[in-house]
Amino acid sequence: MTTPQLHRRFPALERTLPFLRLGDAPTPVRKLTGTGRDDLWCKDDSGYGSGGWGGNKVRKLEWLLPELRRRGVRTVLTVGATGTNWGLAATLYGRELGIDTVIALVDQPEDEHVREQLRRLRRSGATLHFTRSKPLTMAAAPWLFLRHARGLRLPSYLPAGGSAPIGVLGYVEAGLELGDQVEAGELPEPRCIVTAVGSGGTAAGLALGCALAGLRSQVLAVVVNETLPLATVDLTRLAGRAAAVLRRRGAAFDIPPPRLTSTRAHLGRGYGHHTTEATAAAQVAEAAGLHLDPVYTAKAFAAALTAAPDGPVLFLNTYGPRT
Ligand SMILES: Cc1ncc(COP(=O)(O)O)c(C=O)c1O
């Protein structure tokens, strides 16, 4: 399917909101077996993308990159932790369109997963600045903008995780896709949809997309990052900003407030710190055929194993393939 759901549903957006398909939609849904609960489903975005790199960031880039291209942007400046999936995806997909990516990297607990990710980043063509902490990154920002200006043109800034309101539309799209899959009988309407939250765009977009699709599912946003404001109120506000973009660009709709709750119950000692619960959950997932990462999806899966005992529960797998 090449035309996005948002364009089909709101034809006015075709002219105002450019889209670039980077993966095969819809992504598959399936019931998970051997997890200890018999009402656990998965929508698997791990295979979304092309060129051996996928996961949830690709959906955000489908809206962000064409918007940048339309504005003639040649360099973007963004931020992430040393294992950033977002920074890597932005670099790999951006370079296909001639857009260079500069990333200011803050430290995170180092393990083999992070070291491997850093090796990929170094190979990707991204320009890396090791600014180490949030305060140092903010202090370095003016220099970074000037250092990477092309003539008088400063780099365009993209927030951590690509969770600008336009990036959030990637998961509005996924929510609409899910609505179709429920309607087609591929899965029951989930009582609860569980996803990991690093910068908020995925959960916020999904909740908005579900509301637009008429689903009554509650999104359980499992916070794995303590350095950004990601409480229910913050994520709801982000969903509201994405809805405002859609309305400004010509979509008219009247929907109930997105159903979304944020929890820090699975954060452990903080971003990138493993938890025993998440390690155990990743093993359960592996037996059910899902390969998860320790920073995001294993913590979300731990939440999915116990969420909404009266189910059905849908786990969103946001961890992509990597080569
Ligand atoms: C694998 C994975 N899952 C989930 C997330 C969380 O998505 P978001 O940043 O939209 O909250 C991220 C990135 O932050 C990620 O890399």
Side-chain angles (χ1 to χ4, degrees), residues 27 42-49 53-64 78-93 103 105-106 108 113-114 116-117 120-121 158-175 193-209 219-232 234-239 241-242 260 262-264 266-267 270-272 278 281-282 285 290-304 315-322:
T27 53
C42 174
K43 181 164 175 67
D44 198 349
D45 272 12
S46 66
Y48 199 76
W53 188 261
N56 67 333
K57 306 308 176 199
V58 183
R59 286 193 187 264
K60 298 178 180 183
L61 289 165
E62 292 187 318
W63 300 92
L64 288 167
T78 190
V79 290
T82 35
T84 178
N85 292 316
W86 154 246
L88 191 51
T91 306
L92 296 176
Y93 288 95
I103 316 174
L105 290 170
V106 302
Q108 78 178 86
H113 165 77
V114 172
E116 179 54 34
Q117 191 70 352
R120 291 190 185 102
L121 271 173
L158 288 180
S163 288
I166 290 198
V168 170
L169 300 182
Y171 272 87
V172 175
E173 187 64 23
I193 306 174
V194 184
T195 186
V197 176
S199 62
T202 303
L206 200 55
L208 176 58
V219 172
L220 179 63
V222 182
V223 175
V224 304
N225 178 7
E226 73 287 14
T227 68
L228 292 173
L230 297 169
T232 304
D234 304 301
L235 299 180
T236 305
R237 194 175 302 130
L238 185 55
R241 289 173 64 205
L260 183 153
S262 156
T263 173
R264 286 166 68 106
H266 297 270
L267 180 59
Y271 183 77
L290 290 180
H291 182 60
L292 306 183
D293 75 293
V295 180
Y296 295 94
T297 43
K299 288 181 177 176
F301 197 72
F315 168 71
L316 177 69
N317 186 12
T318 47
Y319 183 58
R322 37 223 56 227

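Along the sequence shown, residues are numbered consecutively beginning with 1. Computed from a predicted structure; not experimentally measured. Atoms within a ligand are numbered from 1 in the order they appear, just like the ligands themselves.
Using a 30° and 60° split on the angle between ring planes, Y271 and Y296 fall in the perpendicular class, above 60°.
Contact annotation: for V224 versus ligand 1, there are no heavy atoms closer than 4.0 Å. Contact annotation for T202 and ligand 1: heavy atoms of both the backbone and the side chain come within less than 4.0 Å of the ligand.
Nearest-residue assignment for atom 12 (C) of ligand 1 (options K57, K60, Q117; heavy-atom criterion): K57.
At least one N or O atom of G198 sits closer than 3.5 Å to an N or O atom of ligand 1. Residue D293 places no N or O, backbone or side chain, under 3.5 Å from any N or O of ligand 1. Any N or O atom pair closer than 3.5 Å counts here, and T297 shares no such pair with ligand 1. Here's the thing with G200: one of its N/O atoms is less than 3.5 angstrom from an N/O atom of ligand 1.
Between T297 and F315 there is a side-chain heavy-atom pair separated by less than 4.5 Å.
When each atom of ligand 1 is checked for a heavy atom of N85 under 4.0 Å away, the hits are 1 (C), 15 (C), 16 (O).
Remark: distances from the non-hydrogen atoms of G55 to ligand 1 are all 4.0 Å or more. Residue Y319 places a heavy atom under 4.0 Å from ligand 1.
By the side chain to side chain contact (heavy atoms under 4.5 Å, CB included) test, A204 pairs with V168, L238, A239, sequence neighbours left out. Looking at residues two or more places apart in sequence or on another chain, you find a salt bridge (charged side-chain N to carboxylate O under 4.0 Å, His left out) between R237 and D234.
In this structure a side-chain-to-backbone donor-acceptor pair under 3.5 Å is present from T232 to S262. Panel note: side chain K60, backbone G161; a donor-acceptor pair is recorded below 3.5 Å.
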